[in-house]
Amino acid sequence: MDEKAYDLVVIGSGPAGQKGAIAAAKMGKRVAVVDRNEMIGGVCLHAGTIPSKTLRLAILYLTGFQQKTFYGQAYSAKDHVTVEDLMFRVRTVIEREHAQVTDQLKRNGVTLVNGWARFVDTHTLQTDNGEQVRGEHILIACGTRSARSPEIPYDGHKIMVAEDLGRGDGGQIPKSMIVVGAGVIGLEYASMLSALGVRVTIIERRPTMLDFVDREIIEALRYHMRRRDAIFRLGEHVTGVRMQDNGLVRAELESGKRVTADALIYTVGRQSNADQLQLDRIGIGTDPRGRITVNDNFQTPHPHIYAVGDCIGFPALASTSMEQGRIASTHMFDGPSLKPAPFFPYGIYTIPEISMVGRTEQELTAERVPYEVGKGLYEDVAKAQMVGDRAGMLKLIFDPDTLKLLSVHAIGDEATEIIHIGHAVIALGGTVEYFRDNVFNYPTFAEAYKVAAYDGFNKIAGAG
């Protein structure tokens, strides 16, 4: 075999590419990953998930966000929080994770090829450094970047996309910010900024936000963000953005309104990096966002070429992308049969954070599925009182006849952690009796499950 030929060539080293490459290597295959050395770990590590979630934790710590419940609104761990304070923690985590990912790939015998790949033919890739590699199989895991609007004059400092904010390229912390787009990324950054004391205005073209999330949970998020002076302008469309002579950014809305702030971040959608791979050379088409269509096994029209992760669209989560990479590799090399899970936990790292697994009340109602709801408020849980979380709530949705757990929805501290308890019970076909009849460590946030279960049983008893 030629030294530039591999059983599998992976395009991209983000979560999907990493796990796909390592899964193939563990099956004894010769694997190469093509990505720029400085971008090992992908956008997830360098400008997306890891920076934004680290930034969130830095904001919570330095502002003393939770401690204000006990020590007053004037309390903070640092009197004047700067961009450098925030980015010090972000850079430290990125450096450590970059080294960890690089070491993990090398320990598994994966060859790292420096550069950005483009297709020469259905088996051959060429990097921008002129190096060619050939793969018996190819896994596209190239990720996404922020979508941009031609009407917006981005400069990376005053008028930004998410990657700019995640890298701390915006200079000073603004006193006010316009966030265009109330999707997951927009709301995560808007809630972080509002916790930092920035006056935030969220502009969303649709009349609602995050329709896949339980309505009550979204209403709770809006309530707590409004208490931090966040302004929501839903059903409004931005038609133009410009810099004013006084240094403020002005967004002009279709309704005739004008909104001004120190800075603006545009968070409307993602653009797949697949549009940079010259897929037209090999007859693979994409949608307007550059997303690749695949079958249930993540194969493209060429059976030996697979695509996984954000570049194929929903759900576009690091967690699900990892599993897609593993599934694709085991399928292409006839490994252990793996299939995507029928449902998965979803985490949204707003402040307070949100998590869910299973269908919402809206979906169950539309499908005419009978259900009952049990709620566990954090204010009834000792651990929440200890950390100062007044916002938390856990909802259990279950079948009133069989008591089978249908879904779990949470908002509050550690919501993305405790959701996995409900996830496991759903996956095993369990009922809310599990939460009533089993012991939970005390004091923990998980105790909210027991509170919610008793609330649900009380409702059933009352209905009877």
message: Strictly distance-based, threshold 3.5 Å: is any side-chain N or O of R215 a donor or acceptor partner for the main-chain N or O of V213?
response: yes
task: Tell me, yes or no, whether the heavy-atom count around D103 atom CG, taken from other residues, nucleotides or ligands under 6.0 Å, exceeds 12.
output: yes
query: What about the rings of Y378 and F445, do their centers lie closer together than 6.0 Å?
result: yes
- prompt: When you look at E361 and K395, which way does the side chain to side chain contact (heavy atoms under 4.5 Å, CB included) test go after all the steps?
  reply: CA-CA 10 Å; E361 287 195 61; K395 287 180 65 172; 2.4 Å; yes
- prompt: How about H423 and F343: are their ring centroids closer than 6.0 Å?
  reply: yes
field: Side-chain ion pair, R222 and E219, N-O less than 4.0 Å
entry: no
field: T208 side chain to D211 backbone, donor-acceptor under 3.5 Å
entry: no
- prompt: Does F398 offer a backbone N or O that forms a donor-acceptor pair with the side chain of E372 under 3.5 Å?
  reply: no
- request: Please tell me if the side chains of F232 and T201 come closer than 4.5 Å, counting only heavy atoms from C-beta onward.
  value: no
field: Shortest non-hydrogen separation from L264 to M177 and the atoms involved
entry: N-SD, 3.6 Å
field: Check: N441/T444 side-chain N/O donor and acceptor closer than 3.5 Å
entry: no
E236 and S255 side chains, donor-acceptor separation under 3.5 Å: yes
task: Look only at the side chain of S272 and the backbone of T144, and say whether a donor-acceptor pair between them is shorter than 3.5 Å.
output: no
- request: Give, for atom CG of L317 and atom CD of E323, the distance between the pair rounded to the nearest 0.5 Å.
  value: 12.0 Å
- prompt: What orientation do H137 and Y306 show, parallel under 30°, tilted 30 to 60°, or perpendicular over 60°?
  reply: tilted
message: Testing the 3.5 Å rule here: is there a donor-acceptor pair between the side chains of Y442 and E447?
response: no
- request: Decide whether T82 and E84 meet the rule of one side-chain donor and one side-chain acceptor closer than 3.5 Å.
  value: no
message: Test your reading of the model: is there a side-chain donor-acceptor pair from N108 to the backbone of V110, 3.5 Å cut-off?
response: no
query: How are the rings of Y346 and F212 set to each other: parallel, tilted or perpendicular (split at 30° and 60°)?
result: tilted
message: So that I can tick it off, tell me whether E216 and K375 are bridged by a salt bridge, with the cut-off set at under 4.0 angstrom between side-chain N and carboxylate O.
response: yes
message: Taking CZ in R228 as the centre, count heavy atoms belonging to other residues, nucleotides or ligands within less than 6.0 Å. Is the count above 12?
response: yes
E163 with R145: basic N within carboxylate O range, under 4.0 Å: no
message: Side chains of Y266 and M160, heavy atoms from C-beta outward: is any pair under 4.5 Å?
response: no
message: If you define the side chain from C-beta out and look only at heavy atoms, does anything of D310 sit under 4.5 Å from R270?
response: no
- prompt: Do I202 and M225 have side-chain heavy atoms sitting under 4.5 Å apart?
  reply: yes
query: Do the non-hydrogen side-chain atoms of S319 and F344 ever get within less than 4.5 Å of each other?
result: no
- request: Evaluate the side-chain proximity of V9 to V34: yes if any heavy-atom separation is below 4.5 Å, no if none is.
  value: yes
field: Neighbour count above 12 (heavy atom, 6.0 Å) for K68 NZ
entry: yes
message: In the structure I gave you, are the side-chain heavy atoms of K53 and E188 within less than 4.5 Å of one another anywhere?
response: yes
- prompt: Taking atom CZ of R107 as the centre, does the number of heavy atoms from other residues, nucleotides or ligands within less than 6.0 Å exceed 12?
  reply: yes
statement: Of T416, I411, I419, the one forming a side chain to side chain contact (heavy atoms under 4.5 Å, CB included) with I354 is I411
message: Can you give me the closest heavy-atom contact between L8 and A24, atom names plus distance?
response: CD2-CB, 3.6 Å
message: For the backbone of G12 and the side chain of D35, can you confirm whether one donor and one acceptor N or O come within less than 3.5 Å of each other?
response: no
- prompt: Hey, does the side chain of S191 reach the backbone of T350 with a donor-acceptor pair shorter than 3.5 angstrom?
  reply: no
- prompt: In terms of side-chain heavy atoms, does H409 have a donor or acceptor partner in S407 at a distance below 3.5 Å?
  reply: yes
- prompt: Does any non-hydrogen side-chain atom of F298 lie less than 4.5 Å from one of M332?
  reply: no
- request: Mind running side chain to side chain contact (heavy atoms under 4.5 Å, CB included) on F440 and F435 for me, showing each step along the way?
  value: CA-CA 8 Å; F440 287 80; F435 306 116; 3.8 Å; yes
message: Between the side chains of E414 and K383, is the shortest nitrogen-to-carboxylate-oxygen separation below 4.0 Å, so that they form an ion pair?
response: no
field: Donor-acceptor under 3.5 Å (R359 side chain, L406 main chain)
entry: no
query: Counting only N and O atoms by type, is there a donor-acceptor contact under 3.5 Å from the side chain of Q271 to the main-chain atoms of A147?
result: no
message: I'd like to know if the side chain of S329 reaches the main chain of G20, judged simply by a donor and an acceptor atom lying under 3.5 Å from each other, with no hydrogens or angles considered.
response: yes
